[in-house]
2 protein chains.
Amino acid sequence: MRRDVFQAIADPLRRDIISLLAKQPMTINAVAKKFEVSRPAVSKHLKILKECGIITINQDGRERFCQIEPKNLIPAFLWIEQYKTLWEEKLDSFENYLLELQTKNKNNDQNG
Amino acid sequence: MRRDVFQAIADPLRRDIISLLAKQPMTINAVAKKFEVSRPAVSKHLKILKECGIITINQDGRERFCQIEPKNLIPAFLWIEQYKTLWEEKLDSFENYLLELQTKNKNNDQNG
DNA sequence: TATATTTGTAACCGTTCAGTTACATAAATA
DNA sequence: TATTTATGTAACTGAACGGTTACAAATATA
């Protein structure tokens with residue numbers, strides 16, 4: 001199975017987990033409590049994120065703290081960034097497009 | 001099924017197709033010939049890319065030209081960019097890290 | 001008109017994904 | 001020591017993924 005950063009961020013729940021862990025390290029249970037799905041489900045996502053290098057997990061007694069490893073998002077960032085000039089060329093105003101996107105996100109209540 | 005930009009770029013073959021179409025528009029057959037997999041397989045990937053808004057397809061006679069729609073990569077770019085300050089904080093030198101990454105990519109012959 | 005080209009798509013296959021419930025284990029606590 | 005807490009994981013399920021082959025249809029060309 002593919003285990004890379006693109007796979008890691010493909011799932012919306014995993015993106016939410018990343019957003020959560022970007023604020024502060026949390027135990028596996030604490031993460032699980034933030035979502036509707038079961039703990040094993042979250043646990044599996046965390047395992048995938050770990051295998052993709054996006055988080056590290058450190059044990060302290062019976063607790064395991066998940067910590068984001070932000071530098072491992074860089075390859076995905078660089079890949080998309082290649083096309084930045086392409087879209088900047090094609091858009092009259094990048095800033096206006098961003099505003100438009102933000103409005104759209106508010107309406108749809110997306111966070112992905 | 002999920003049809004968003006994150007899903008679109010999750011597959012390495014789709015990323016290769018995007019890279020190809022970023023250079024110039026191409027017919028479906030022309031794209032298919034660039035890869036080892038069958039034409040229907042490529043066709044399916046193009047369909048997914050279209051459904052995700054990453055490409056548009058314009059018919060001219062019996063040929064269909066696929067064209068990249070680079071602005072639809074922006075949401076993914078913005079999502080990852082959120083964490084830019086986070087990794088810049090944690091890395092002694094972003095530039096050195098990039099060099100290191102480039103070397104790694106050369107060795108592994110990755111293009112993803 | 002007959003043939004070749006370009007494409008779509010249906011049917012199928014094996015694997016992976018994302019979730020569940022149920023149970024096991026190790027550590028902290030009463 | 002008995003119980004609670006934090007976690008792992010096995011077994012299962014249904015859906016989605018990524019590929020194939022085979023066939024159909026529309027357009028261009030000889």
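Here is how names work: the chains are called A, B, and so on, in the same order as the sequence lines, proteins then strands, and each is numbered from 1.
Here the CD1 atom belonging to A:I55 is positioned 8.0 Å from the NZ atom belonging to A:K50, to the nearest 0.5 angstrom. With values rounded to the nearest 0.5 angstrom, A:Q7 atom CD is found 5.0 Å from A:R2 atom CZ.
Atom C1' of nucleotide D:dT5 and atom CD1 of A:I28 are separated by 13 Å, given to the nearest angstrom. For the pair B:E63 CD and D:dT27 C1', the computed distance is 10 Å after rounding to whole Å. When the C1' atom of D:dT20 is taken as reference, atom NE2 of B:H45 falls 12 Å away, rounded to whole Å. Across the protein-nucleic acid pair, B:R15 atom CZ and D:dG18 atom P stand 11 Å apart, rounded to whole Å.
Between the side chain of A:N72 and the backbone N or O of A:I54, no donor-acceptor pair lies under 3.5 Å.
Residue side chain A:R39 reaches the base of D:dG8 through a donor-acceptor N/O pair under 3.5 Å, judged by distance alone. Side-chain N/O atoms of A:R62 and base N/O atoms of D:dT7 include no donor-acceptor pair closer than 3.5 Å.
The nucleotide whose nearest atom lies closest to any side-chain atom of B:Q7 is, among D:dA11, D:dC17, D:dT9, D:dC17.
Summary of the strand contacts: A:R2 and A:P40 both lie near DNA chain D, and taking for each the nucleotide with the nearest heavy atom, the more 5' one is attributed to A:P40.
Chain B approaches DNA chain C within less than 4.0 angstrom (heavy atoms of the protein), and the contacting nucleotides run 5' to 3' from C:dA4 to C:dA18.
A:F77 has its ring centre less than 6.0 Å from the ring centre of B:F77.
Salt-bridge annotation for B:K34 and B:D16: absent, with no side-chain N of the basic residue lying under 4.0 Å from a carboxylate O of the acidic one.
Each of B:R39, B:E63, B:R62 was evaluated against B:N29; a single residue qualifies, B:R39, per the side-chain contact (heavy atoms from CB on, under 4.5 Å) test.
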